[in-house]
Colleague: 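Take a look at this one; I'll ask things after.
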Amino acid sequence: MLLKVLTAVFAGVLAWLAYFVNDLVSKRKRLAGLPQPPMTNLLLGHLEIADECRRVFPKGIHSHAWADYIREKWKLPETFYVDWRPFGPLWLFTADPELSNEFFTIKQSLPKSSLMTGYLIQFLGKNNMLSIEGAHHKSLRTMFNPGFSSNNIMTYADAIVEASLRFLDVLKEKAKTKELFELEEYATRLTIDIIGLAVFDTNLQAQTKIHPIIRHFRERVLMMPGADTPFFFQDVQPTRGLRLWWNNRKLNAAVNDELNQKIQRRAKDLEDDARGIIKPKKKSIIDLALNTYEKEMSMGENVKSGDAINRITDSSAVPPQLRQDLIDSIKTIFFAGHDTTSSTLAWCYYLLHRHPEAQAKLTAELDDSFPPGTSAAARIKEDPYIINKLEYTTACIRETLRIFPSASTIRQVYPSAAHNKVTDPRTGVELDLEDAHIWPAVHLINRNKRIFPQPLKFVPERFIQHLTPFPDADLFKPAGKNAFQPFGAGPRSCIGQELAMIESRIVLALTAREVDFVLEFPGEEADPQPEIPENTVVELGEKTGEGTPNVVEGHRVWQTLKGSAKPAGGCPGRVYLRTSA
Ligand code: HEM
C-alpha cells in the first residue's frame, strides 16, 4: 500500500516537473529572436548572467546598475529582455524614454508591477498612493495635489531656510570636531524636518532628536525583505510577518497621533478664520487635502447647492476610510520623500567636491545672486522665487539625479489586458509583454549615449542648452522631450518633485559655499577618486577575479537599495569649512 502511495506521489511530482519544464522552455522559445543577451541553456535562461553580475559588482549594489552592464556587454538595443524565470522575473528593460512614454507611462500608463506593489503594500499599507490604481489613486492624487503645488511649497520657503540653517550648523560643528560621520544620516534628518513642516506644519525637530514616526519607520526598513537580493529565496525569515505587524501598529499610532494634533490645530485656525483673524497664507499638505475632501463631500449627491461645507473640526469626526487613506498617504509621503532627497543631497556634495570646476561655477552663481556680505537666507525668505533663477545650481542637482537616480517605476501588463504586444518604433520589433515586468529604469535611460553622451561624466552644463558641450544630443531634440525623468513620468509621476527641487536648491544655496564634504570610508584612505571609466564592462571586466570590487563607475560610493537607492555605507566622510567661509 505504502509503495503504491509513494509511486503515485513520485509519478505526480514527475508529471508536474515535466509540465513545468515544458512550460518554461516554451515560454522562452516564444521570446526567441527578440533582443536579449545570449542564452546558452533554455532551462537556466539568463541565470548565468545574474551570477556574473553578482560576482563582478560589489555585494549589495542596487540591481538597476546591472542593466547597463548587460546592455553594454552584449551590445543590446535600447529595449531588451533578461529572463531569470523561474527564480526571478522576466525583465523587459528599456533605455528608450520615447518607447516608455508612449506605451508604459505617459500616453498609456500601465499598472505598477506586482514586484513593486507587493513590497509597498507590505511596507506602507494597502492604501499607499504609490501602488493603488484607478479611481482610488485618482481621488488621493486629487486630494493631495494642491499641497504639493509649486506655489504652496514656496510658502514654506522660510521654514525650509530655517531647517537648512540648522543643517548648516550641524555641518559646521562636524567640521570643528573633524568627525568621521555618515552624511546621508544628517541629510535625512534635514529632509524629515522639511517634510514634517510641509505635511503637518510642525517642527518634528528631527535634526536634534528621533521622532517616533521615524524610529518605527527605520525599524520597519530593516525588517523588510532585502531588496538587494534579486531572488526571493535569498532572504527568508519566518518571524518577519509578525514583527512587521507589531511595528505597523506602533507606526500607525505615531502617525495617527500627529494627524490628530494637526486636526486640532486646524480646527483652531478655522475658528480664527471665522472670526476674521488674519493669518499668514501658509497651508500644510494635510490642511489642503482636508479642504479638498470637504469640498468634494459638499458636492455629493445629497447636498443642496448653498449648503455650508461640512468641516472636520474634531479628530473623532474623521470617517474611517478617510483616516486610513490619510495615514497610509502620510506614511507614503514620508517614505517616498525623505531618503530620495537626502541621498540626492549627499551625492551632490560628494560630486561637487570631486569636480572643483563645477563647484567654482556654482559658487560664482550663488555669489552673483547672494553677494558675499549679504544674507542669502534673508534674501530667500524675502523672495523665495529667486531660487528658480539658480540655473547652474539646478543643473548640478539634475546631473546628480542623472548619475545617481533614487527611484524608478516598474510596470506590468496584467493577464486580463486586451493588448500585450507593442511595436518598438525604433527597431520595428514586436515586443511581447506577457509575463514581463517592464522596467524603464531611470538609471539605464540616464546612461543612454544618444541622449546623454559620455554618460558617466559629471557635466551639469549638459542640461543648459546654451552651455552644453553636447549640442547634438537628443536631449534637445523632439526625441529627447521627457527623456530626463528622475521623478517618473505621466499620471504616476512624483507628487513631491517640486518640493524636492525647491528644498535641494535652498539647501545648496545656503550651504555649498560654506562646507566641503570629502568622502572617507572608515579605515580607508580619504578622498578616493578612482578614474571614471567609459563603462562598467571596461571597469569591472578588468577586475574580475581580484576579489570583491568596491568601485563602480569610478565611485567608491555606489547605490544600494534600502527602500530607495541610497549611498552605500551612508556616504561616510568628513566636512571641512571652505576657506572663504
Ligand atoms: C529627489 C527626490 C525624489 C525622487 C528622485 C523621487 C522619485 C519618484 C519617482 C521615480 C516616483 C514614481 C514611482 C513609480 O512610478 O513607481 C515617485 C513617486 C512618488 N513620490 Fe517621489 N521622488 C522624490 C521626492 C519626493 C518627495 C519630496 C515626496 C513627498 C514629500 C515624494 C512623494 C512621492 C509620492 C507620494 C509618489 C507616488 C505618486 C503617485 O503614484 O501618484 N517624492 N517619486
Side-chain angles (χ1 to χ4, degrees), residues 64 97 100 104-106 109-117 119-121 124 127-134 136-145 147-150 152-153 156 160 187-188 190-200 284-286 289 325-326 328-348 394 397-412 437-443 445-446 484-505 507-508 559 563-566:
H64 68 191
S100 171
F104 308 145
T105 54
I106 301 185
S109 176
L110 294 179
K112 303 270 178 99
S113 148
S114 56
L115 292 175
M116 282 183 88
T117 54
Y119 182 91
L120 290 167
I121 289 170
L124 297 167
N127 296 316
N128 81 78
M129 206 192 297
L130 275 156
S131 55
I132 49 169
E133 301 283 350
H136 193 183
H137 173 261
K138 212 166 157 204
S139 90
L140 280 191
R141 211 42 217 234
T142 309
M143 200 157 99
F144 280 94
N145 270 339
F148 283 100
S149 72
S150 168
N152 191 53
I153 296 300
Y156 279 90
I160 298 175
T188 301
L190 161 71
T191 53
I192 291 167
D193 249 3
I194 293 174
I195 296 181
L197 290 162
V199 172
F200 296 120
S284 75
I285 288 167
I286 291 295
D325 277 349
L326 288 172
D328 285 358
S329 298
I330 292 167
K331 288 195 292 188
T332 309
I333 289 165
F334 268 88
F335 162 72
H338 79 286
D339 54 3
T340 43
T341 316
S342 62
S343 303
T344 306
L345 284 169
W347 266 303
C348 202
T394 304
I397 300 166
R398 298 181 105 204
E399 183 66 340
T400 303
L401 281 163
R402 188 188 65 77
I403 295 180
F404 294 118
S406 357
S408 63
T409 197
I410 308 177
R411 304 298 172 98
Q412 191 176 4
H437 293 268
I438 303 158
W439 196 357
V442 176
H443 188 275
I445 294 174
N446 290 354
F484 181 60
Q485 35 188 254
F487 297 106
R492 305 307 300 261
S493 66
C494 176
I495 199 171
Q497 52 190 295
E498 287 295 338
L499 173 59
M501 288 305 292
I502 290 170
E503 67 178 293
S504 301
R505 284 190 199 111
V507 173
L508 286 182
Q559 292 188 293
S564 64
K566 292 156 79 99

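Computed from a predicted model, the values in this text were never measured in an experiment. Because only heavy atoms are used, hydrogens play no part in the values below, and waters and symmetry mates are left out as well, while side chains stay in. All ligand and atom numbering here is 1-based and tracks the order in the structure. Here, residue 1 is the first one in the sequence, and each next residue gets the next number.
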Colleague: When only distance counts, is E503 in polar contact with ligand 1, meaning an N/O pair under 3.5 Å?
Modeller: no
Colleague: State if H338 counts as touching ligand 1 under the rule of any non-hydrogen atom under 4.0 Å.
Modeller: no
Colleague: Would you please determine whether S493 falls within less than 4.0 Å of ligand 1 on a heavy-atom basis?
Modeller: yes
Colleague: Taking atom types as modelled, is there a side-chain donor on S131 or N128 under 3.5 Å from an acceptor on the other?
Modeller: yes
Colleague: Around atom 13 (C) of ligand 1, find the nearest protein heavy atom and jot down its residue, atom name and distance.
Modeller: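 Result for atom 13 (C) of ligand 1: L130 CD2, 4.0 Å.
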Colleague: What part of L499, side chain from CB on, backbone N/CA/C/O, both or neither, has a heavy atom under 4.0 Å from ligand 1?
Modeller: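 Answer for L499: side chain.
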Colleague: Which residue holds the protein heavy atom closest to atom 28 (C) of ligand 1, what is that atom called, and what is the gap in Å?
Modeller: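 Going atom by atom, the protein heavy atom closest to atom 28 (C) of ligand 1 ends up being G337 CA, 3.4 Å.
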Colleague: List the closest protein heavy-atom neighbour of atom 42 (N) of ligand 1: residue, atom name, distance to the nearest 0.1 Å.
Modeller: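 Protein heavy atom with the smallest distance to atom 42 (N) of ligand 1: C494 SG, 3.0 Å.
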Colleague: Is S406 in polar range of ligand 1, meaning some N or O pair under 3.5 Å apart?
Modeller: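 Such a contact does not occur with ligand 1.
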Colleague: Could you tell me if any non-hydrogen atom of F148 lies under 4.0 Å from any atom of ligand 1?
Modeller: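 Yes.
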Colleague: Check this for me - ligand 1, K112, N or O atoms closer than 3.5 angstrom, yes or no?
Modeller: yes
Colleague: Does any donor atom in the side chain of D339 or T188 lie under 3.5 Å from an acceptor atom in the other side chain?
Modeller: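 Not at all, the side chains of D339 and T188 share no donor-acceptor pair under 3.5 Å.
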Colleague: Among all protein non-hydrogen atoms, which one is nearest to atom 15 (O) of ligand 1, and what is the separation to 0.1 Å?
Modeller: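 The closest one turns out to be T409 OG1, 2.8 Å.
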Colleague: Consider every N or O of T332 and every N or O of ligand 1, then say whether any pair is closer than 3.5 Å.
Modeller: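 No - when backbone and side-chain N and O of T332 are compared with those of ligand 1, no distance drops under 3.5 Å.
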Colleague: Does a side chain donor of either R411 or H437 reach within less than 3.5 Å of an acceptor in the other side chain?
Modeller: no
Colleague: Give me the nearest non-hydrogen protein atom to atom 32 (C) of ligand 1 as residue plus atom name, then the distance to 0.1 Å.
Modeller: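 Checking every protein heavy atom, the shortest distance to atom 32 (C) of ligand 1 gives A336 CB, 3.5 Å.
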Colleague: Residue-level breakdown please: for Q485 versus ligand 1, do any non-hydrogen atoms fall below 4.0 Å on the side chain, on the backbone, on both, or on neither?
Modeller: neither
Colleague: Heavy-atom distances under 4.0 Å decide this one: backbone, side chain, both or neither, for Q497 against ligand 1?
Modeller: neither
Colleague: Give the minimum heavy-atom separation between T341 and E503, together with the two atoms involved.
Modeller: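 Shortest heavy-atom contact: CG2-CD, 3.6 Å.
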